[in-house]
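In the text below, chain A, chain B and the rest are named by the order of the sequence lines, each starting its count at 1. Values in this document were obtained by computation on a predicted structure and should not be read as measured data.
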Amino acid sequence: MSNLRPRVYDLVLQIPAGRVLAYGDVAGALGCPGAARQVGYAMAALGPGGLDKQGRAVPWQRVILSSGFVAMRGDPVRGPLQRQLLEEEGVQFDGDRVDLKRFRWDLRDVTLV
DNA sequence: TCCATGACTCCGC
DNA sequence: CGCGGAGCCATGG
């Protein structure tokens, strides 16, 4: 299945505020287990404001590392911003990591288009 | 077509 | 529980 990015955005757009998903979760849900890094790349490809090519505001902050930390590579200012955005929508941090037991979104509710 | 690039993961120590 | 290394694979030049 080519064009993974658009599908990544479609799924991320379905993540409810206050919940998070790991890059690997997204890849797996799209039938591409192991393509976690590509999901991260798709996020990095988003323009300012998290807008995709269709102008949709993708809630990129809801995708984090499977360990619960927010990814720190690339733009050093994104990390703190991501954490702030998540806390504003109710996601609580235990130290520097999200408690995945409580905030990881249950993919069973997804309706893939 | 080949090759470098990544906002990743898993596993062993 | 932290670190380092190998594995993974879609994209774009």
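- Under the rule for a salt bridge (charged side-chain N to carboxylate O under 4.0 Å, His left out), A:Asp75 has no partner lying at least two apart in sequence or in another chain.
- In terms of the salt bridge (charged side-chain N to carboxylate O under 4.0 Å, His left out) criterion, A:Arg102 has no residue partners (sequence neighbours excluded).
- The hydrophobic cluster containing A:Leu51, built from Ile/Leu/Val/Met/Phe/Trp/Tyr side-chain heavy atoms closer than 4.5 Å, comprises no other residue.
- Grouping Ile, Leu, Val, Met, Phe, Trp and Tyr residues whose side-chain heavy atoms lie under 4.5 Å apart, directly or via other members, places A:Val91 in a hydrophobic cluster with A:Val20, A:Ile64, A:Val70, A:Met72, A:Leu86, A:Phe93, A:Val98, A:Leu100, A:Phe103.
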Encode nucleotides 1-6 of chain C as B, S and - characters from 5' to 3', where the letter depends on protein heavy atoms closer than 4.0 Å: B to the base, S only to sugar-phosphate, - to neither. ------
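- Partners of A:Gln38 according to the side chain to side chain donor-acceptor pair (under 3.5 Å) rule, which considers only residues two or more places apart in sequence or in another chain, do not exist here.
- Residue pairs that meet the salt bridge (charged side-chain N to carboxylate O under 4.0 Å, His left out) test with at least one member in residues 11-29 of chain A, sequence neighbours left out, are A:Asp25-A:Arg104.
- Atoms CD and CD1, on A:Gln61 and A:Ile15 in that order, are 9.0 Å from each other to the nearest 0.5 Å.
- Sorted by residue number, the members of residues 35-52 of chain A with any non-hydrogen atom under 4.0 Å from DNA chain C read A:Arg37, A:Gln38.
- If you walk DNA chain B from 5' to 3' and mark each nucleotide with an atom closer than 4.0 Å to a heavy atom of chain A, the marks span B:dG6 to B:dC10.
- Counting non-hydrogen atoms under 4.0 angstrom, A:Ala27 reaches nothing in the nucleic acid.
- Within the structure, salt bridge (charged side-chain N to carboxylate O under 4.0 Å, His left out) contacts touching residues 26-35 of chain A (residues at least two apart or in different chains) do not occur.
- Take A:Asp94 and apply the salt bridge (charged side-chain N to carboxylate O under 4.0 Å, His left out) test, not counting sequence neighbours, and it matches no residue.
- Listed by first then second residue, pairs satisfying side chain to side chain donor-acceptor pair (under 3.5 Å) with a partner in residues 47-60 of chain A read A:Asp10-A:Arg56, A:Asp52-A:Arg56, not counting sequence neighbours.
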